[in-house]
Amino acid sequence: MARVKLDKVRQPASIRKKQGATGQELHISVRTRLDGREFGHEDSDCFRLLGKDDQNNRGTVRRLSFRQKLRSLRIGHRRLRQRRLRALSKVEREIVVREALQERLAFARAHNIPVDRELGRRQIVLPEIFSLANNFDATVGAVAELRTCVMGNRQRAMLFFEHVREIEPAAALLLAAELFRCRRLHMGLSGFASGTYPQSPEVYRQMEEMGFFKLLKIAATEQPLAATTNRGAPIFLQFITGDRFSAELIDRLVTVIEKRVVPLDAAARQRLVGSIKEAMGNICEHAYRRDGQSVGTGGRWWLSAAVNIERHEVDVIIVDQGVGIPKSLPRRLGEAWRALLPGGHDGAPADSYIIQAATVLGRSSTGERNRGRGFNDMKTFINRCGDGELRVISNFGTYRYMPNQESRSDGNASIGGTLIHWRFQSDGMVSISDD
């Protein structure tokens, strides 16, 4: 039998040739090191892993060429190694699980929250002040972490409301919209998010009135927390979502405001209705478009409102998860836009500057003359009321307008869309001359 030069065959394990009892016979022994231990097996071990019987197939195997034997041995060797790895990894998995549980116990003690034993879930602790106005970075950071966890990493999340003692309607609507999007776009991710109920009775009552649990189809607690009855507290209109323009819904909302909270004359009512219609129309037509293509959940909006009858105060909030005002408006700034930017601004302006320019110029990305008046109407309405605020948050930028005062800022995290919060208060009838 001709000698075989084994050095020409690429084989990571050592191969040796032995002299058999019945003449020159080729036997192959494979030895490998695994986690510091050396394992060896003959060729019959490998073929047994392939589901063949040694006694019945020995002759067939010997008729194979040497390279065919080596190929079969490689397959058998790989499967044997996988078997031994599984046996070792069982112990290792127990060690990993034990260490992960210890980390979770330490995390729970540090944040004073219940222990989540589902190791595959990301733990997200919501801040005590869940508000875009008073705790912007922490609030947006929690929403962005949820978005990255579910949308980016396809990992389940656990939200802890244990320490939330104040929740802003705008922030709650933003969180509900993010959870809704995660569920809609990741239908295959079972149980993508879970959460604990807030311990604060006031926060629980507020979230229940806003329709947070109903919108996300979350069951109420078995023993609902006692709701406090604070006279003069705002009444929350339940969250509403849709993907089409609804003039009837806007008309019903304004009718409630006009009859129950703040009286309006014909011109003021027209401004109020027109402003909300403009915001909703922009969402349905432009917010979810990038380079002519629809992105995300496609035209979906979320709407909520709160009224305080004793104080004659109204809050209207609308949210979308589109590309944002800074991207939907023309990024090539004309001369009128440049006049509103800080001097010497050569690069791309910050998001807050573009938002402010949009509210001042009232210029939309479509260039249509009948568009872009919504922000100006909101400002006019606030000025006539005497007390109110317009807050526009889009991507990283925030713009705030109050009578004779305005400000802008840019955060470290993006809200992933646009939020418009419109608040106004008036003790008497709001009257606007129809210019």
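In this structure, Ile129 CD1 and Thr139 OG1 are separated by 8.5 Å, a value rounded to the nearest 0.5 Å. Interatomic distance, Lys277 NZ to Cys284 SG, rounded to the nearest 0.5 Å: 13.0 Å. From Cys149, atom SG reaches atom CD1 of Ile124 across 5.5 Å, with rounding to the nearest 0.5 Å. Rounded to the nearest 0.5 angstrom, Leu175 CG and Phe130 CZ are separated by 4.5 Å. Taken to the nearest 0.5 Å, the CG atom of Leu237 stands 8.5 Å off from the CG atom of Leu303. Going from atom CZ of Arg271 over to atom CD1 of Ile432 covers 5.5 Å, rounded to the nearest 0.5 Å.
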query = Where do Glu166 and Val203 land on the side-chain contact (heavy atoms from CB on, under 4.5 Å) test, with the steps shown first?
reply = CA-CA 6 Å; Glu166 179 183 330; Val203 172; 5.8 Å; no
request  = Could you give me the CA-CA distance, side-chain angles and deciding distance for Ser426 and His312, then say whether side-chain contact (heavy atoms from CB on, under 4.5 Å) is met?
outcome  = CA-CA 6 Å; Ser426 178; His312 303 283; 5.8 Å; no
message = Is there a side-chain contact (heavy atoms from CB on, under 4.5 Å) between Thr255 and Ile257? Walk through the geometry before answering.
response = CA-CA 5 Å; Thr255 300; Ile257 295 173; over 6 Å; no
task = Before giving the answer on ring pair (Phe, Tyr, Trp, His ring centres under 6.0 Å), spell out for Trp301 and Phe245 the whole-Å C-alpha distance, their side-chain angles and the decisive distance to 0.1 Å.
result = CA-CA 9 Å; Trp301 48 262; Phe245 180 82; 9.0 Å; no
query = Given Ile317 and Ile420, is the side-chain contact (heavy atoms from CB on, under 4.5 Å) satisfied, shown in steps?
reply = CA-CA 6 Å; Ile317 309 164; Ile420 301 174; over 6 Å; no
query = How far apart are the C-alpha atoms of Phe213 and Tyr204, what are their side-chain angles, what is the distance that settles it, and do they pass the ring pair (Phe, Tyr, Trp, His ring centres under 6.0 Å) test?
reply = CA-CA 10 Å; Phe213 304 123; Tyr204 178 83; 5.5 Å; yes
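Using modelled atom types, no side-chain atom of Asp320 and backbone atom of Ile283 make a donor-acceptor pair closer than 3.5 Å. For Gln206 (side chain) and Ile167 (main-chain N/O), a donor-acceptor pair under 3.5 Å exists by modelled atom type. For the pair Asp410 (side chain) and Ser352 (backbone), a donor-acceptor distance under 3.5 Å is present. Judged purely by atom type and a 3.5 angstrom limit, Asn383 uses its side chain to pair as donor or acceptor with the backbone of Lys379. With hydrogens and angles ignored, the 3.5 Å screen pairs no side-chain donor or acceptor of Glu202 with any backbone N or O of Arg165.
Across every non-hydrogen atom of Val307 and Val261, the tightest pair is CB-CG2, 3.6 Å. Summarising the geometry of Ile382 relative to Leu390, their closest heavy-atom pair is CD1-N, 3.5 Å, with the distance given to 0.1 Å. Between Ala177 and Trp302 the shortest heavy-atom distance is CB-CD2, 3.6 Å.
Ion pairing between Glu178 and Arg181 holds under the 4.0 Å rule for side-chain N and carboxylate O. For Asp251 and Arg269, the salt-bridge test passes: some basic side-chain N is under 4.0 Å from an acidic carboxylate O. At a threshold of 4.0 Å, the pair Glu145-Arg122 counts as salt-bridged, since one of the basic side-chain nitrogens sits closer than that to a carboxylate oxygen. At a threshold of 4.0 Å, the pair Arg311-Asp427 does not count as salt-bridged, since none of the basic side-chain nitrogens sits closer than that to a carboxylate oxygen. A salt bridge links Arg156 with Glu118: the closest approach of a Lys/Arg side-chain nitrogen to an acidic carboxylate oxygen falls below 4.0 angstrom. For Glu168 and Arg391, the salt-bridge test passes: some basic side-chain N is under 4.0 Å from an acidic carboxylate O.
Evaluation of the ring pair (Phe, Tyr, Trp, His ring centres under 6.0 Å) test over residues 255-285, restricted to residues two or more places apart or in two chains, returns none. For the ring pair (Phe, Tyr, Trp, His ring centres under 6.0 Å) condition, no pair includes a residue of residues 145-171, sequence neighbours left out.
Taking 4.5 Å as the limit, some side-chain heavy atom of Arg408 sits within range of a side-chain heavy atom of Tyr353. No side-chain heavy atom of Thr196 sits under 4.5 Å from any side-chain heavy atom of Leu159. When side chains are defined from C-beta on, Leu132 counts as touching Leu419, because their heavy atoms get closer than 4.5 Å. Annotation: side chain of Leu272 is in contact with side chain of Trp422 (closest heavy-atom distance under 4.5 Å). Within the 4.5 Å cutoff, side-chain heavy atoms of Leu179 are placed close to those of Phe212.
Judged purely by distance below 3.5 Å, without hydrogens or angles, the side chains of Tyr401 and Glu389 never pair a donor atom with an acceptor atom.
Under the 6.0 Å distance and 45° angle rule, Arg104 does not count as a cation-pi partner of Phe107.
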